[in-house]
Amino acid sequence: MQILKLCLLHLLLFQSFHFTPLNGLNATAAKADVGVILDLQTTVGKIFKTCISMAIEDFYAENSYNTMIVPHFKDSNSDAVAATSAAIDLLKNTQVMAIFGPQRSTQAAFVIDICDRVKVPIISPATSPALSPQESPYFIRSAWSSASQAKAVAAIVKNFGWREIVLVYEDSNYGSGLLPFLTKDLLKSNSLVSNISLISPSAGNDRIVEQLNELKKMQTRVFVVHMLPSLASRFFNKANEAGMMEEGYVWIISDVLTDLLDSVDSETIEAMQGVLGVRASFPRSNEVRNFTMRWKKRFYKENPEMERTELNVFGLWAYDSMAALVEAVERVGGTSPNFKKVTNRGNLTDLEAIGTSNTGSSLVRFIRNFTSKGLSGNFKISNGELQPSTFEIINVIGRGANRVGFWTEKHGISKNLNGNDSNKSLGAIVWPGQTSDIPKGWEASSNAKKLRIGVPVRSRTSELIKVETDKKGNLVNASGFCIDVFEEVMRSLQYSVQFEYFPFNNSNVHGTGYQYDDLIEQLFLKNYDAVVADFTISGNRSIYVDFTIPYIESGVSTVAPIEDYKNAWVFMEPLTMGLWLTIGAFFIFTGFVIWALEHRENEEFRGPPHQQVGMVFWFSFSTLVFAHREKVKSNLSRFVVIVWLFVVLVLTSSYTASLTSMLTVQQLEPADIHDLTEKGEYVGYKAGHLVEGFLDSKNCSKLRMYTTFEEYDEALSKGSGNGGVAAVVDNLPSLRIFLSEYCHKYTMIGPTYRPSGFGFAFQKGSLLAPDVSRAILQLKESGKMDEISRNWFREEGCDTRNGTVINSKSLDIDYFKGLFLICGLSSFAALAASLLIFFYQNRNVITSRASSFKRKLCELINGAFDRERDVKSSSSKEPSIILEEIVGAERERERERERVLQSPFYVIK
């Protein structure tokens, strides 16, 4: 390539171009010649020329100066050879201090090499990232690199949830520069460039139609177009004719095309309706508006044939770049001669004969790091690269571009420039086909590549996964809980994913177990794109594949036979012995309190001593079933009875609940796998990495392996001593299905070891895995996952408590301390009040000085205690009857007094 360039330079070295100095400049100032190479036959070239001329004039009109730039305009005629020839002429014959241009990256590549040789700064708006200021010390890029828009485009793709895009770019140095940067930024957003399409700038319309037909066959409907306006105009017109500007398609155009939409003809704009684009944002300040008015006036004066031409950001950058160059030249000053010639003239190439610039090294230092407040906003050149800031996102509607939002490195996508909108959304967008519905970005296509989904041939139960094939082995029918979840997840994705199942024989060498790790290995070797099976997510497996989040809870638990709980004294177990004794004591105490309060006034609580003792026990115990017939008359008694009935109600309810729990919840022995290990019982298990690791951690030595639920049932029925097992260890989803069929014979025991759940496995780095994980979350939140689970696990009418065993225990006195405290205090208070009333009514007996203490006590117990009742009961009778009763009562009291005096009670007192 270098030899070719040198040959080209030798051929062009002798060509020369004449220039006309710009009028109106100070003739006394030192002249500084600057070359300007533009495509003067194009709209952009003409815009550049006007802006550059105005920048020079504005600077010298507003500032005092010692040097004066004289621009020498050259027309490259949109040709790389012509641009190179113009550069050589400017360097050789004019000895320019710097060169502005060329516009195109293909032209600039040659000129940059020449300027590096002769040490002349070159300021070019070429946007191709392949032209690097870091590799070319005299190259200053005066426009944003195409690479800078990659993040903005990727942000748009991410904002609408599209997973794949197709990049369509022109086959040139300019077009190919975007691909690596866009691919990198899309990957950060979990998207990818699924296909690329190259179109030569010289391609005919037939070739463009062929490329469009290929694009139309693709499943992806999101296209990013990176072309210059000349090729893009033909491309979009043909795309419109091919029916690819209709509903369902997404088109995103790059910055150069978006910036130059004003120069595109109306027919192309009509074809591009609904297209999104990104472009550099610049302030619409009063200064810019005033400059625009001046620019239009001068532009149409210089180009009267031009119509509908608007000033764009490239023109503003050209203005600011030339202003920077003028300021740098003023600081450096001019030197004469401008070039240092080589003294040894022998055997020199024509390029070497030009020499090297005396001012280039000084001048380039000012320009490569330059900052100013220009018309385009913050104009900052760092290390020779104009630094990007804010991108506008536009939507082609009607006759031009409608701004719908912004993108910045700091705020990302936002509707407002300051990024203060909370939802980070864009404005209203009209998509191709004149619709406001966001396109899905894909469309089912028969030509789309199908994912290879590996599924195990053998599994423990058909409820989880079942794989059947026809006799020829071609048609695969997969069903089960795992399959239903996977297919529902894939249907809920925002884009279409075609897949087909491939059975994998996962039997071990003996044909008695299942080897899921072999299936993981096949995925790691990229024989499958994903694997759907009832395997558990583990740390070791995640080294080789990427798992989604669990779609069902997993873990390891134990199933054991239900033992019939038969005990003749089970009715005593709801309450502890201490509580039983406390309740009995309160029964007696409450009966005594009621008897003491009712004895003086209620005939039903009087009688012989044995009858009264029986009444003490009978009354309180009869309240247990609310069957007492004795009527209480004292308000204090009623108060005690009310409190006691409440206590009885709470005690009976608690007893009933505890006894019901004990008889309903099956008491299991042993409680967990640890008890089985200590007793030396055999334990059954399912072959698998997770279960075996769990048993190893429990030091279980007596193990028997089984594979089917029928084997589980048979082994558990036999028991450990008869060639079976005492319990079976397996993962939770399998045990849930097992218990749904055998819940009346077995149940889970002990704690559950919960490492992770079941997940779908994808190849390492798969872009599908994050989307599938999000879809699983959405299924769980919507309740669809529960619906699928109920369809397969059949949990209605069967208690499969996920390994949680409710251990009922006897109620003790601690539960009822407060209740007994209330009851005791109420009874003591009522009894104390009754005694105070009694002592007050018999205060004459207590205060009498004629009787001894024993006689007073005897009268209170045997006399006044009964007399008050007799008096009260006789007040309503006839006098004769009352007299007879009094006499009879007096005789009875005398006999009673004699009995009392002879009784041990009297002696004790």
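What you see is a predicted model, and the numbers here were worked out from it, not measured in a lab. Only this structure's heavy atoms are used, side chains among them; waters, hydrogens and symmetry mates stay out.
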For [X], check side-chain hydrogen bond (donor to acceptor under 3.5 Å, both in side chains) against everything at least two apart and list the hits.
X: Lys158; result: none
X: Gln273; result: none
X: Asp255; result: Gln149
X: Ser281; result: Glu392

Among all residues two or more places apart in sequence or in another chain, which pass the salt bridge (Lys or Arg N to Asp or Glu O under 4.0 Å) test with Lys440?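 Partners of Lys440 by the salt bridge (Lys or Arg N to Asp or Glu O under 4.0 Å) criterion come out as none, since no residue qualifies.
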Any side-chain hydrogen bond (donor to acceptor under 3.5 Å, both in side chains) involving residues 130-143? Give me the pairs, sequence neighbours left out, ordered by first then second residue. Asp116-Ser136, Ser132-Gln134, Arg141-Glu385
Among pairs that include at least one residue of residues 760-781, which meet side-chain hydrogen bond (donor to acceptor under 3.5 Å, both in side chains), considering only residues two or more places apart or in two chains?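 Qualifying pairs, neighbours excluded: Arg163-Asp771, Tyr495-Asp771, Asp546-Lys764, Asp771-Arg774.
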If the condition is ring-ring contact (aromatic ring centres under 6.0 Å, His included), which residues does [X] pass it with, not counting sequence neighbours?
X: Phe499; value: Phe486, Tyr501
X: Phe524; value: Tyr544
X: Trp407; value: none

Nearest non-hydrogen partners of Trp144 and Ala280, listed with the distance: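 Nearest pair, atom of Trp144 first, then Ala280: CZ3-CB, 3.3 Å.
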Determine the minimum heavy-atom distance between Phe139 and Pro133, stating which atoms define it. O-CB, 3.6 Å
Under 6.0 Å between the ring centres of [X] and [Y]?
X: Phe236; Y: Trp251; value: yes
X: Tyr174; Y: His226; value: yes
X: Phe760; Y: Phe547; value: no

Applying side-chain contact (heavy atoms from CB on, under 4.5 Å), can you list everything that pairs with Asn312, at least two apart in sequence or on another chain? Ile47, Leu260, Phe314
Is any side-chain N of the basic residue among Glu409 and Lys151 closer than 4.0 Å to the acidic one's carboxylate O?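 Result for this pair is yes, salt bridge flagged.
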Write out all pairs satisfying ring pair (Phe, Tyr, Trp, His ring centres under 6.0 Å) with one or both partners inside residues 179-202, taking only residues at least two apart or from two chains.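 As it turns out, there is no ring pair (Phe, Tyr, Trp, His ring centres under 6.0 Å) pair with a partner in residues 179-202 once direct neighbours are skipped.
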